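Quick caveat, the model's predicted, so the values are computed rather than measured. We name chains A, B, ... by the order of the sequence lines, and we start the count at 1 in each one.
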Protein chains: 2
Amino acid sequence: MADVKPIGKALFLREEELRRGIELMFFAYRDFTGEADSILAERNMGRAHHRAIYFIGRHPGITVSNLLTILCITKQSLSRVLSGLMKDGYVVQRLSANDRRQRLLHLTQAGTALEARLTSVQGRRFAAAYREAGVDAVAGFQRVLQGLLDNSTLHQLTQHDQSTIE
Amino acid sequence: MADVKPIGKALFLREEELRRGIELMFFAYRDFTGEADSILAERNMGRAHHRAIYFIGRHPGITVSNLLTILCITKQSLSRVLSGLMKDGYVVQRLSANDRRQRLLHLTQAGTALEARLTSVQGRRFAAAYREAGVDAVAGFQRVLQGLLDNSTLHQLTQHDQSTIE
DNA sequence: CTTTATTGGTCAACATGGCTGACGTAAAAC
DNA sequence: GTTTTACGTCAGCCATGTTGACCAATAAAG
């Protein structure tokens, strides 16, 4: 509301444009997660399990702490999910050699397979959307999404080094 | 995995590109909803209340049925949320003249005010992201998000007429 | 060596928001 | 007029987020 012109129509169009973005985010996120949710539901798992599997696959040997930093949920929420994943044989913990307090998280074969399946399903959707929209649109898409991030999230993502492997 | 070139590096880059999209969607959606969630939490409300308020504001006089079609949740989930919103004075029901089975939903003054506040917060984030990214990026953003939608959602959105007012 | 901080985990208790199934009531169909 | 359909509500279950208290192992600081 800082640099709004004193013209009724311009204001209206601006608001409509913003609402369009808000609504697209809602619907696209819902549909984007829908297929994976179905696969997970078959195995009595939810989106929380997916997130854990995804980021453990992405950062093998990640500590619980670092996973918490990525997910921004409480230790207890994650603990419940990890317990289930270990019980069901998707994730294993190994003790760290450096610091034996740390449990380093790894996917099992079953975990890797499930992660691949879920990522494949979501990747196909992205691949189709990217193909339809074109390269320039994809760049714009990523720029806008990046602009929607909190600063802390942005910093986290730009440090995409080996820091979680230790 | 249909039209993949038999080159290791190209495949890797493609997968990384898709994973970047998947992750950006996760983080951006979380941060995008975070501020509104905080405002809602102050009033003992959640994201479900927000969705209901948002779409009632968008389609004054919408029926419960039509709201269900938009949200894709069960009648019971919505009913619980609507009961709370009516109890707290954000929403009122009016009986339809045509079909007295229907309850037509409207925001109260408090509901309108809350909707405006929440939309303003999310709109500001979008406005900032749009400003940084530029007009072309915004177009690409919208094209890609649209491509991520289920067909049924896309059809629903392209029929943005008065059908919900009846 | 002792103290303190960090890391990881557990348990209890609670709220939100999905779900299913049972069940009214109003309108439509026969 | 009875049956069927449409619309909405209620009760209760489950997953997943929350807070707070607490414990154990280890690292770091004194």
| query | How long is the line joining CG of A:Leu82 and P of D:dG17, in whole Å? | reply | 11 Å
| note | By nearest-heavy-atom nucleotide on DNA chain D, the more 5' of A:Met45 and A:Lys75 is A:Met45
| note | In whole angstroms, the gap separating P of D:dC14 from CD1 of B:Ile73 amounts to 20 Å
| Is B:Ser65 near enough to D:dA6 that one of its side-chain N or O atoms lies under 4.0 angstrom from OP1 or OP2? | no
| query | Does B:Phe26 have B:Arg30 sitting over its ring (NZ/CZ under 6.0 Å from centre, angle to axis within 45°)? | reply | yes
| query | At under 4.0 Å between heavy atoms, what does A:Thr74 touch on the DNA or RNA strands: base, sugar-phosphate, or nothing? | reply | base
| In Å and rounded to the nearest 0.5 Å, what is the OG to CZ distance from B:Ser152 to A:Phe27? | 10.5 Å
| C:dA12 C1' sits how many Å from A:Arg80 CZ, rounded? | 12 Å
| What are the two closest non-hydrogen atoms of A:Asp150 and B:Asp31, and how far apart are they? | N-OD2, 2.8 Å
| Same apolar cluster (I L V M F W Y, side chains within < 4.5 Å links), A:Val92/A:Met45 | no
| said: Looking at A:His49, I'd like to know whether one of its side-chain N or O atoms comes within less than 4.0 Å of OP1 or OP2 on D:dA15. | reply: no
| message | Can you tell me whether the side chain of A:Arg103 and the base of C:dG9 have a donor-acceptor pair closer than 3.5 Å? | response | no
| request: Quickly work out the A:Tyr29 OH to C:dG18 C1' distance and round it to whole Å. | output: 15 Å
| request: Measure from CZ on A:Phe26 to C1' on C:dG17 and round the result to the nearest Å. | output: 13 Å
| task | Identify whether the distance between the nearest side-chain nitrogen and carboxylate oxygen of A:Arg58 and B:Glu23 falls below 4.0 Å. | result | yes
| said: Please determine whether a side-chain nitrogen or oxygen atom of B:Arg43 lies at a distance below 4.0 Å from atom OP1 or OP2 of C:dT16. | reply: no
| field | Minimum-distance nucleotide to B:Arg51 side chain [options: C:dG18, D:dT16, D:dG8] | value | C:dG18
| Separation of atom CG in B:Asp37 from atom C1' in D:dT18, rounded to whole Å | 13 Å
| task | Determine the contact category for A:Ser77: base if any of its heavy atoms lies under 4.0 Å from a base atom, sugar-phosphate if only primed atoms, P, OP1 or OP2 are that close, otherwise nothing. | result | base
| field | Between C1' of D:dA15 and CG of A:Asn44, the distance in whole Å | value | 11 Å
| task | Would you check if the side chain of A:Arg143 reaches a backbone N or O of B:Glu132 as a donor-acceptor pair within less than 3.5 Å? | result | yes
| request: Take the protein atom CG of A:Leu71 and the nucleotide atom P of D:dT16, then report the distance between them rounded to whole Å. | output: 13 Å
| said: Under a 4.0 Å threshold between the charged nitrogen and the carboxylate oxygen, would A:Arg19 count as salt-bridged to A:Glu15? | reply: yes
| task | Kindly indicate whether the side chain of A:Gln76 and the base of D:dT18 share any N or O donor-acceptor pair separated by less than 3.5 Å? | result | no
| message | Once rounded to the nearest 0.5 Å, what's the spacing between atom OG of B:Ser38 and atom CG of B:Leu118? | response | 10.5 Å
| query | Per the end-axis method with five pairs at each terminus, what is the bend angle of the helix from C:dC1-D:dG30 to C:dC30-D:dG1, to 10°? | reply | 10°
| Is A:Ser79 near enough to C:dG9 that one of its side-chain N or O atoms lies under 4.0 angstrom from OP1 or OP2? | no
| message | Please pick, from D:dT18, D:dG8, C:dG18, the nucleotide with the shortest atom-to-atom distance to any side-chain atom of B:Ala48. | response | C:dG18
| Is B:His50 touching bases, backbone alone, or none of the nucleic acid, heavy atoms closer than 4.0 Å? | nothing
| task | Decide yes or no, distance alone: a donor-acceptor N/O pair under 3.5 angstrom between the base of D:dG17 and the side-chain of B:Arg47. | result | no
| Would you say A:Gln93 reaches C:dG9's phosphate, i.e. side-chain N/O to OP1/OP2 under 4.0 Å? | yes
